Amino acid sequence: MTKTIQPSQTSAFYAQAIASFAISLTSMGLALVYLPAAGWVRAFLGLGLLYLVTSTVTLCKVVRDRQELSVVTNRVDQARLDKLLAEHDPFKVDA
């Protein structure tokens with residue numbers, strides 16, 4: 001059996017994801033600081049921003065965990081199939 005090649009992330013993709021997150025969070029934070037509105041409005045929007053960030057991180061973890069679980073399940077199924085194929089002898093005669 002051939003083993004499938006797992007896609008991997010490049011360091012450039014990883015750096016781009018971190019930079020994108022940092023830039024968007026910083027720009028939203030600065031927009032909230034300089035927003036011409038009452039303090040309670042800025043605080044409310046800031047709280048909404050924090051909720052959005054935490055829910056995004058949670059969603060990323062859930063998606064990653066589900067993907068890792070499917071990979072592990074596929075590996076177990078592949079190992080079982082490999083074992084069955086290794087033990088199978090088509091020329092064996094049952095007596």
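This is a predicted model, so every value here is computed, not measured.
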Requested in this report: If you link ILVMFWY side chains whenever their heavy atoms are less than 4.5 Å apart, which other residues fall into the same cluster as Tyr34? By chain and number, please.
Outcome: Leu30, Val33
Query raised in the report: Should we say atom CZ of Arg64 is surrounded by more than 12 heavy atoms from elsewhere, each under 6.0 Å from it?
Result: yes
Requested in this report: Tell me who clusters with Ile18, hydrophobic residues only, linked when side chains sit under 4.5 Å apart either directly or through other members.
Outcome: Tyr14
Query raised in the report: What is the minimum heavy-atom distance between Thr56 and Leu52, and which atoms define it?
Result: OG1-O, 2.7 Å
Query raised in the report: CG of Leu49 to OG1 of Thr54: how many Å apart, nearest 0.5 Å?
Result: 9.5 Å
Query raised in the report: Where is the tightest heavy-atom contact between Ser24 and Ser27, given as atom of each residue plus distance?
Result: O-OG, 3.0 Å
Report summary line: Joining Ile, Leu, Val, Met, Phe, Trp and Tyr whenever any side-chain heavy atoms lie under 4.5 Å apart, the cluster holding Leu59 also takes in Val63
**Report entry** ILVMFWY cluster, Leu50 and Phe21 together (side-chain gap under 4.5 Å)
**Finding:** no
Query raised in the report: Roughly how far apart are Leu25 CG and Ile23 CD1, rounded to 0.5 Å?
Result: 11.0 Å
Query - Verify same cluster id: Met28, Val57 (apolar side-chain graph, 4.5 Å) - result: no
